[in-house]
Asks: 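Take a look at the following structure, please.
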Amino acid sequence: VSAVVSGRLSPSIMIGAVDAPDAATGSLSLEELYRSEARRLLGMLCVLLGDRSEAEDVLQEAFARVHRSWDRIQDRDRAAAYLRSTAFNLARSTWRRRRRRSGTIDRRQSDEAHSSSVVDVVVDGLMLREDQRAVLAALRTLPDRQRACVVLRFYGGAGIDEIGATLGIAPNSVKTHLQRAMSHLRSELEATR
Amino acid sequence: VNESTEDRLVDLFRAVDGQIDAGPFPSFAPRPRRWQIIAMAASVLAIVAGAWVVLADRGDAPMTPVSDRPTTQADDSLFVAAADETCRRLDRARNGVAPRFRTSEAYLVVVESRRMAIDEAVERLLETTPPVGDVSLPSRVADELREVRAGLVQLEQAAADARLDDAATQWSRVDPAIDRAVEALAERGATACD
């Protein structure tokens, strides 16, 4: 856990850093940003939201917002970070709407109740082994922010500061979220082993 | 096989990543939301009905050129309603939550509350039809609110480090910054933002 939260995580255990647009500053087009970011971002949103069509909606809306602000983004190298931040904020709004719809006050209860159906939806169309499905189900039992930290860290390959910037929280909070999440996942996965 | 939790996460994410395809580059023209379509249809109906009443009342009075003012009013009233709602949401959070004790935890709680209120306000603001003649107003206000939100990170850090004097100083700046951010909405007629 300490390696995970201290930023010393070996790159080999991550999928890889989010592909930074390699275009020179100012020359990056929205299409290039889409090509470099969309696939991985969609994957992260699928895992976060547990619903492919909701994930696609969020991705579309995030790009639409970046598109609207395109002229105001001075530093195009930061466009990918802005896009990711927008997408994660939208995902958070989706969780909130979902929670309001379900009328459930207890977040943990809501997530757990949602988890079994979510696994089926995500698995639909994806070939996942049983042990991978167990990890996905365990992820769904995490509070939203912890789940977002884990996805950004292990799927997006983001560092502590980058996660903090994406979610708009302090680096120390990111470390705390990651520590709690990993500890929870560990015991959850041990229990189902 | 005794895989670590980290390895199992990466294994899952690799499997998902390998099967995801975002498709070709699409058009990113924002899709209208259902309530926007309904509101637009209602505005059009109101304008048509209004024009009909005017024409019927005037009988054989000479026709005057139809200005585009009704459309402007309709669009602005939608925007003003959304702006009012935005400010009311912010006010609810501001009236209900303030640090009751001078502790790190109290500051962390109010930071989270303000952050959520700002997120909701920005979301509502960006969903609405922009006012006629100043289409960038919602995004400008949203950007200012996001700056306030970004400032909360320093406050959170100060609270987490138990620098309570710093936290108090930064906290005193939060609500005035929100007021400044929504000033432009008040100027556009949103009375709840005054």
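Letters A, B, ... are given to chains in the order of the sequence lines, protein chains preceding strands, and every chain is numbered from 1. Heavy-atom basis, side chains included; hydrogens, waters and symmetry copies ignored.
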Asks: Hey, could you give me the CZ/CG distance between B:Phe13 and A:Leu139, rounded to the nearest 0.5 Å?
Replies: 5.0 Å
Asks: If you define the side chain from C-beta out and look only at heavy atoms, does anything of B:Leu9 sit under 4.5 Å from A:Tyr155?
Replies: no
Asks: Give the cluster check for B:Met116 versus B:Leu152: same hydrophobic cluster or not, with ILVMFWY residues linked at side-chain heavy-atom distances below 4.5 Å.
Replies: no
Asks: Give, as side chain, backbone, both or neither, the part of A:Leu167 having an atom under 4.5 angstrom from any heavy atom of chain B.
Replies: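 Answer is backbone: N, CA, C or O of A:Leu167 sit under 4.5 Å from chain B.
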Asks: Same cluster or not: are A:Leu83 and A:Leu30 linked, directly or through other Ile, Leu, Val, Met, Phe, Trp or Tyr residues, by side-chain heavy atoms under 4.5 angstrom apart?
Replies: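 Hydrophobic grouping puts A:Leu83 with A:Leu30.
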Asks: Going from CD on B:Gln157 to CD1 on A:Ile169, what distance comes out if it is rounded to the nearest 0.5 angstrom?
Replies: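 Spacing of CD (B:Gln157) from CD1 (A:Ile169) equals 11.0 Å.
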Asks: Between CG of B:Leu126 and CD of A:Glu61, what distance do you get to the nearest 0.5 Å?
Replies: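 Result: 8.5 Å between the selected atoms.
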Asks: Give a yes or no on whether a salt bridge exists between A:Arg92 and B:Glu123, defined as a side-chain N under 4.0 angstrom from a carboxylate O.
Replies: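 A salt bridge is absent here (no side-chain N lies under 4.0 Å from a carboxylate O).
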Asks: List the atom of B:Ile20, the atom of A:Cys46, and the distance in Å for their closest heavy-atom pair.
Replies: CD1-SG, 3.9 Å
Asks: Is any side-chain N of the basic residue among A:Asp131 and B:Arg8 closer than 4.0 Å to the acidic one's carboxylate O?
Replies: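 Looking at A:Asp131 and B:Arg8, the cut-off is not met.
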Asks: Is chain A contacted by the side chain of B:Asp21, its backbone, both, or neither, given a heavy-atom distance below 4.5 Å?
Replies: backbone
Asks: Do A:Ser93 and B:Asp119 have side chains that get closer than 4.5 Å, going by heavy atoms?
Replies: no
Asks: Quick one: what part of A:Val150 sits under 4.5 Å from any heavy atom of chain B, side chain, backbone, both or neither?
Replies: both
Asks: Would you say the side chain of B:Asp11 lies within less than 4.5 Å of the side chain of A:Val135, judging by non-hydrogen atoms?
Replies: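 A side-chain contact is absent here, since even the closest heavy-atom pair is not under 4.5 Å.
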Asks: Quick check against the 3.5 Å criterion: does A:Arg39 have a side-chain atom that pairs as donor or acceptor with the backbone of B:Gly18?
Replies: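 Absent.
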Asks: How many angstroms lie between atom CG of A:Leu185 and atom OG of B:Ser4, to the nearest 0.5 angstrom?
Replies: 11.5 Å
Asks: Looking at B:Glu6 and A:Arg153, is any side-chain nitrogen of the basic one under 4.0 Å from a carboxylate oxygen of the acidic one?
Replies: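 So A:Arg153 does not pair with B:Glu6 through a salt bridge.
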Asks: Quick one: which of A:Gln132, A:Glu31, A:Arg129 has the most heavy-atom pairs under 4.5 Å with chain B, could you say?
Replies: A:Glu31
Asks: Under 4.5 Å from any heavy atom of chain B, what part of A:Ala55 do you find: side chain, backbone, both or neither?
Replies: neither
Asks: At a heavy-atom separation under 4.5 Å, does A:Leu41 approach chain B through its side chain, its backbone, both, or neither?
Replies: neither
Asks: What's the separation between atom CG in A:Leu42 and atom CG in B:Asp17, rounded to the nearest 0.5 Å?
Replies: 10.0 Å
Asks: In terms of hydrophobic clustering (I, L, V, M, F, W, Y; side-chain heavy atoms under 4.5 Å; direct or indirect links), are B:Leu108 and B:Ile118 co-clustered?
Replies: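 Not linked; separate clusters.
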Asks: I need the minimum non-hydrogen distance between B:Glu156 and A:Ala170, along with the two atoms involved.
Replies: OE1-N, 3.1 Å
Asks: Distance check, rounded to the nearest 0.5 Å: A:Arg65 atom CZ versus B:Ser139 atom OG?
Replies: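 That separation rounds to 11.0 Å.
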Asks: Would you say A:Asn89 and B:Arg149 make side-chain contact, with heavy atoms under 4.5 Å?
Replies: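 Yes - at least one pair of side-chain heavy atoms lies under 4.5 Å apart.
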Asks: Any idea which heavy atoms bring A:Gly168 and B:Val153 closest together, and the distance?
Replies: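 Nearest pair, atom of A:Gly168 first, then B:Val153: O-CG2, 3.6 Å.
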Asks: With a 4.5 angstrom heavy-atom cut-off, which part of B:Gln154 approaches chain A: side chain, backbone, both or neither?
Replies: neither
